[in-house]
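Before any comments, here is the structure.
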Amino acid sequence: YYSMCSLAASLKLPESIEMGLDTLSKLGIELQGCESRGMQACVQETKDLLAGYTEDEILNTRRMTDPTMIMAMKFLGKLETMSQSIPKTFGTQRIIELSLEHGMSPVSPIGFVHFGSYMAKLGDIRGGYHYVKLAFSLLDKVGSRESAGEVICIGTQVRAYVEPLQAALEYHTEGYKAAMASGDIFQAAL
């Protein structure tokens, strides 16, 4: 995991992504590519999956306890962050699927915030905003702040379309502080 992060920090994103995908494959976790099916199809599949759950059911999903799955989620979260630069996978869908199947982890809010961002990018700003707010609620629920910087920074990009600009500015400050507290200088800069 640290080797993958080091490659990403050195701006060797293709090599980092390949390492992450290889490791996940060894753990039995395959990712579906969206380049052939299109992002809209991937987002729709995830919306269909989530249609079977209420917000309360998602928020009250048990905590993930399997150490292998927790580590796999860390790889997925890092891949999702990097795939914003090089869209090769749709790790968001897998993060959400595994969270619902095995329990919520500190990475789970990353999946929901990126999903909300994808929805907003495709024109469904209200739907995206809903999942961004859900990601913020999950941050409090999982009790870990290690992904807070990314969740706040990505989520604020969507919130700025719905909430007053003054509130968005406060979220940017909060996201910066959370990212710096966890040592995530890339999200802090964002």
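Position 1 is the first residue of the sequence; numbering continues from there.
With sequence neighbours excluded, no residue satisfies salt bridge (charged side-chain N to carboxylate O under 4.0 Å, His left out) with Asp66. Residues satisfying the salt bridge (charged side-chain N to carboxylate O under 4.0 Å, His left out) test with Lys74, not counting sequence neighbours, are Glu146. Under the salt bridge (charged side-chain N to carboxylate O under 4.0 Å, His left out) criterion, Glu163 pairs with Arg159, sequence neighbours left out.
Between Lys177 and Glu174 there is no salt bridge, since no side-chain N of the basic residue sits under 4.0 Å from a carboxylate O of the acidic one.
Between Gln93 and the options Glu80, His114, Glu45, a side-chain hydrogen bond (donor to acceptor under 3.5 Å, both in side chains) holds for only Glu45. Among Ile110, Val107, Thr68, the one residue that satisfies the side-chain contact (heavy atoms from CB on, under 4.5 Å) test with Met73 is Val107.
Closest of all the heavy-atom pairs between Lys78 and Cys5 is CE-SG, 3.8 Å. Nearest heavy-atom pair, Arg94 versus Glu30, reported as atom, atom and distance to 0.1 Å: NE-O, 3.2 Å. What you find for Met4 and Gly20 is that their closest heavy atoms are SD-CA, 3.3 Å. Taking every heavy atom of both residues into account, Tyr171 and Ile152 meet most closely at O-CG2, 3.2 Å. Nearest heavy-atom pair across Pro109 and Ala135 is O-CB, 3.5 Å. Heavy-atom minimum distance, Phe115 versus Ile96: CB-CD1, 3.9 Å.
Leu21 CG to Phe75 CZ: the interatomic distance, rounded to the nearest 0.5 Å, is 10.5 Å. One distance of note links CG of Leu139 with CG of Leu134; it measures 10.5 Å at 0.5 Å rounding. Atom CG of Leu13 sits about 8.5 Å away from atom CD of Glu15, to the nearest 0.5 Å. Atoms SG and CD, from Cys153 and Glu150 in turn, are 8.5 Å apart once rounded to the nearest 0.5 Å. Asp124 CG to His130 NE2: the interatomic distance, rounded to the nearest 0.5 Å, is 10.5 Å. The distance from the CD1 atom of Ile70 to the NE2 atom of His102 is 11.5 Å, given to the nearest 0.5 Å.
With a 6.0 Å radius and a threshold of 12 heavy atoms from other residues, nucleotides or ligands, Gln40 has its CD atom at or below the threshold.
Clustering ILVMFWY residues whenever any of their side-chain heavy atoms sit less than 4.5 angstrom apart, transitively, puts Tyr2 in a cluster other than the one holding Leu11. Leu169 is not connected to Tyr161 by any chain of hydrophobic side-chain contacts under 4.5 Å among Ile, Leu, Val, Met, Phe, Trp and Tyr, and they are in different clusters.
Aromatic ring pairs are classed by plane angle as parallel below 30°, tilted from 30° to 60° and perpendicular above 60°; the pair Tyr131 and Phe112 is parallel.
With contacts defined as side-chain heavy-atom distances shorter than 4.5 Å, the pair Ile29/Met69 qualifies. Two residues are said to be in side-chain contact when any heavy atoms from C-beta on lie closer than 4.5 Å; Met19 and Leu7 meet this criterion. No side-chain heavy atom of Ser117 sits less than 4.5 Å from a side-chain heavy atom of Gln157. Residues Val43 and Lys121 are not in side-chain contact: their nearest non-hydrogen atoms beyond the backbone lie 4.5 Å or more apart.
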From CA spacing to verdict: side-chain contact (heavy atoms from CB on, under 4.5 Å), Ile154, Val132: CA-CA 9 Å; Ile154 299 298; Val132 164; over 6 Å; no
Derivation and outcome, side-chain contact (heavy atoms from CB on, under 4.5 Å), residues Leu138 and Val151: CA-CA 10 Å; Leu138 279 171; Val151 171; over 6 Å; no
Verdict with supporting geometry, Leu50 and Leu100, side-chain contact (heavy atoms from CB on, under 4.5 Å): CA-CA 9 Å; Leu50 289 168; Leu100 294 172; 4.0 Å; yes
Residue pair Lys141, Asn60: steps toward the side-chain contact (heavy atoms from CB on, under 4.5 Å) verdict: CA-CA 8 Å; Lys141 199 73 170 171; Asn60 292 313; 3.3 Å; yes
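Counting only distance, with no hydrogens or angles, the side chain of Thr61 and the backbone of Gly103 share no donor-acceptor pair below 3.5 Å. Between the side chain of Ser16 and the backbone N or O of Lys12 there is no donor-acceptor pair closer than 3.5 Å.
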